[in-house]
Amino acid sequence: MTKYPTLVLIVFFMFFSCKQKTTQPAVASLYETQFFKDIQLAAIFKDSKTFVDLVPKESYMILEERYLREKEAPDFSLRAFVEANFEDKSMKSLEFKTDTTKTMYEHINIMWDKLTRGPDKAVANSSRIPLPHKYVVPGGRFQEIYYWDSYFTLEGLLAADRRDLAKNMVDNFTFLIDSIGFIPNGTRDYYRTRSQPPFYGMMVNALAREDDNMLLYYLPELLKEYEFFMAHDSIDRPYGASKHVVQMIGGGLLNRYYDSGRKPRPEAYKEDLHLASEFESVGAKADLYQNLRSSAESGWDFSSRWYQNEDDFASTMTLAILPVDLNCLLYNLETLLAKAVRMKGDRDGAAYFRGKASVRRGLIREYMWNEELGFYMDFDFKRAEQTDELTLAGVYPLFYGIANKTQAERVKNVIMEQFLKDGGLVTTLKNSGQQWDAPNGWAPLQWIAVNGLLNYGYITEAKEIMERWLALNEKVFKNTGKMMEKYNVEDLTLLSGGGEYETQDGFGWTNGVALGFKTILEDMDAKGY
């Protein structure tokens with residue numbers, strides 16, 4: 001007979017008692033309640049994320065029962081119900097007046113403290129995942145820590161000599177790996193079905209630039225990060241897929257972005273339902289929800305990069321795509337693990353990870369290099385062919401030294417001839433209305449491209465990109481007093497646009513990249529470049 005812990009029995013009987021008090025079917029979470037669905041569909045808030053970040057004053061089961069009872073009243077108000085039963089416990093951010101006598105860089109250094117949160121206290125019924133150390137949020141609507149944003153923020157913190165806060169950031173991610181098993185998209189419970197581009201190794205490596213021992217200190221979590229992305233069920237055929245992993249022809253594994261959820265995203269519930277409304281079958285809707293969620297894991301939510309059909313957002317097919325950026329990140333993690341394990345004295349383990357990295361490098365070159373275009377492309381394993389869209393993800397093989405010299409030269413030419421605009425590098429060459437497409441440029445991709453070019457000695461080209469990007473940052477700062485989440489790099493008279501929400505200000509990774517570029521340019525000047 002199975003023996004259940006006392007706590008489990010208590011929870012079971014509490015649940016059973018609640019169930020006995022109502023004729024409504026029990027719900028497994030807040031996001032399955034009728035009041036949640038009705039509130040999100042009614043668009044009480046302009047941004048769907050606003051409601052899921054409010055804190056219920058009581059458990060969702062009690063609120064569900066109350067809602068189902070009260071909504072029958074003729075004078076019932078949905079807005080009044082929200083105001084009476086939920087509260088905003090997030091820190092009010094960025095409520096300050098910009099000092100116009102400060103330079104953009106002085107402003108950024110002031111902003112670190114404005115964007116710092118934590119340590120967190122657990123709040124009953126909150127969607128927030130509490131963290132034990134201080135951390136920097138992106139800004140705007142994003143009042144929790146986000147995974148891949150944080151690497152670029154961390155580089156800025158190191159440039160600003162805020163190593164203490166940078167290490168706190170890494171320690172928070174370490175806590176998440178140890179407590180949850182992986183690093184979620186962000187520290188909200190509705191992100192628990194997915195991660196984001198695996199930059200944890202890059203953050204650890206950034207700390208290790210001054211102290212190699214950091215690699216050994218964080219080795220257990222580096223291994224867990226790798227295991228999360230490589231976990232899969234048995235795959236016994238070419239292009240067989242399981243979770244994040246896909247088997248290639250002739251052996252070897254590559255990875256895809258993957259979210260296990262097959263329901264609308266709570267933070268974009270109305271938007272997801274609307275997009276899926278053109279499908280009749282439950283299965284087709286669920287497939288779309290999972291593909292949208294998997295796009296969110298990529299950080300590129302959303303982009304025509306993921307479309308199967310031209311100009312068709314509903315044809316998003318992220319699960320079918322082996323992204324060049326994700327596989328370069330995992331190549332880097334395998335390389336870093338080989339180094340860390342070797343430092344520990346485990347030669348066999350080091351050889352194992354070197355072998356994994358070597359195989360992945362070969363597969364990236366084989367499946368993702370396009371000789372005709374002279375660029376690295378994503379690979380659609382469902383169709384067994386490369387996708388046809390050039391994106392800045394194609395510069396990741398330069399950032400991680402995967403490209404050979406000839407390939408790097410050709411990638412450089414494409415970047416300078418097709419992607420470089422007046423304000424920096426555009427994300428893709430298509431203007432779809434999605435925020436991860438033209439005409440928008442994003443700080444993290446400027447960073448990847450510039451440092452990728454520098455790895456192969458393209459100093460003049462890297463310098464030009466940095467100068468154009470920083471000039472745009474400074475122009476917008478002068479006009480608005482703010483650092484933005486993204487920028488319109490094609491028309492410098494306009495701000496960026498597109499996507500599910502308005503352009504946000506703050507902004508963590510833009511601040512980090514700006515300080516990082518300033519440091520690189522100062523070093524170039526000192527060397528006479």
Side-chain angles (χ1 to χ4, degrees), residues 4-93 120-130 141-144 180 184-193 261-277 282 285-286 289 293 500-501:
Y4 294 95
T6 302
L7 180 59
V8 173
L9 289 172
I10 292 173
V11 171
F12 173 81
F13 285 118
M14 287 177 63
F15 174 79
F16 183 78
S17 297
C18 291
K19 185 177 181 181
Q20 292 296 94
K21 293 177 183 178
T22 176
T23 59
Q24 297 296 325
V27 289
S29 74
L30 165 67
Y31 311 121
E32 294 179 9
T33 60
Q34 191 60 49
F35 74 79
F36 167 80
K37 296 173 184 177
D38 290 350
I39 290 167
Q40 290 292 58
L41 291 176
I44 288 179
F45 301 101
K46 186 176 181 181
D47 186 339
S48 294
K49 188 178 186 300
T50 303
F51 177 60
V52 289
D53 291 350
L54 297 180
V55 179
K57 294 180 180 179
E58 298 178 270
S59 77
Y60 67 84
M61 290 185 290
I62 291 175
L63 294 183
E64 175 77 335
E65 187 174 323
R66 180 177 302 157
Y67 173 72
L68 294 173
R69 182 177 65 251
E70 292 182 358
K71 80 184 186 96
E72 301 302 324
D75 61 345
F76 177 76
S77 166
L78 196 56
R79 180 175 293 277
F81 178 83
V82 174
E83 291 174 351
N85 293 287
F86 296 83
E87 54 188 327
D88 183 357
K89 290 193 175 182
S90 64
M91 287 183 63
K92 298 298 182 182
S93 66
D120 297 326
K121 293 182 179 179
V123 176
N125 303 317
S126 174
S127 64
R128 183 183 297 278
I129 301 171
R141 76 199 285 263
F142 305 111
Q143 290 300 302
E144 53 279 316
I180 295 178
N185 184 150
T187 47
R188 294 283 182 180
D189 64 9
Y190 49 79
Y191 291 139
R192 283 178 179 261
T193 56
R262 290 176 59 79
K263 296 180 181 180
R265 292 168 295 150
E267 76 279 12
Y269 185 81
K270 174 174 63 70
E271 293 83 357
D272 285 1
L273 277 182
H274 175 73
L275 189 61
S277 64
V282 173
K285 292 176 186 288
Y289 297 145
R293 287 167 165 269
E500 294 180 316
Y501 56 87

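Source: prediction; values computed, not measured.
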K.L.:
Decide side chain to side chain contact (heavy atoms under 4.5 Å, CB included) for I180 and R192; before the verdict, give the C-alpha distance in whole Å, the side-chain angles of both, and the deciding distance to 0.1 Å.
P.N.:
CA-CA 9 Å; I180 295 178; R192 283 178 179 261; 4.0 Å; yes
K.L.:
Would you give me the side-chain donor-acceptor pairs under 3.5 Å for residues 69-84, sequence neighbours excluded?
P.N.:
unit_1	atom_1	unit_2	atom_2	d
S77	OG	A80	N	3.1
R79	NH2	I44	O	2.8

K.L.:
Is any side-chain heavy atom of R66 closer than 4.5 Å to one of E58?
P.N.:
yes
K.L.:
Starting at NZ of K57, measure out to CD of E87 and round the result to the nearest 0.5 Å.
P.N.:
5.5 Å
K.L.:
side-chain hydrogen bond (donor to acceptor under 3.5 Å, both in side chains) with S48: which of E271, K270, Q40?
P.N.:
E271
K.L.:
For the residue pair D189 and S126, what are the closest heavy atoms and their distance?
P.N.:
OD2-O, 4.3 Å
K.L.:
Sub-3.5 Å donor-acceptor pair from the side chain of E64 to the main-chain atoms of Q34, do we have one?
P.N.:
yes
K.L.:
Does NZ belonging to K37 count more than 12 external heavy atoms closer than 6.0 Å?
P.N.:
yes
K.L.:
What are the two closest non-hydrogen atoms of F35 and L30, and how far apart are they?
P.N.:
CZ-CD1, 3.4 Å
K.L.:
From E144 CD over to N185 CG, what is the distance, rounded to the nearest 0.5 angstrom?
P.N.:
9.0 Å
K.L.:
Mind listing the closest non-hydrogen atom pair of P266 and R293 along with its distance?
P.N.:
CD-NH2, 3.9 Å
K.L.:
Measure across A276 and K285 and return the closest heavy-atom pair with its distance rounded to 0.1 Å.
P.N.:
O-NZ, 3.0 Å
K.L.:
What about the rings of Y269 and F36, do their centers lie closer together than 6.0 Å?
P.N.:
yes
K.L.:
Taking atom types as modelled, is there a side-chain donor on Y67 or D38 under 3.5 Å from an acceptor on the other?
P.N.:
yes
K.L.:
Under the ring-ring contact (aromatic ring centres under 6.0 Å, His included) rule, collect the residues that match up with Y190, sequence neighbours excluded.
P.N.:
none
K.L.:
Do you know which two heavy atoms are closest between I129 and G186, and how far apart they sit?
P.N.:
CD1-O, 4.4 Å
K.L.:
How long is the span from the CG atom in N85 to the CG atom in L54, to the nearest 0.5 Å?
P.N.:
11.5 Å
K.L.:
Please report the interatomic distance OG1(T193) to CZ(R265), rounded to the nearest 0.5 Å.
P.N.:
10.5 Å
K.L.:
So does E267 pair up with R188, basic N to acidic O under 4.0 Å?
P.N.:
no
K.L.:
Out of curiosity, Q143 CD to D53 CG, how far, rounded to the nearest 0.5 Å?
P.N.:
9.0 Å
K.L.:
Rounded to the nearest 0.5 Å, how far apart are CD1 of I62 and CG of N125?
P.N.:
8.5 Å
K.L.:
Could you check L275 against Y289 for side chain to side chain contact (heavy atoms under 4.5 Å, CB included), going step by step and ending with a plain yes or no?
P.N.:
CA-CA 9 Å; L275 189 61; Y289 297 145; over 6 Å; no
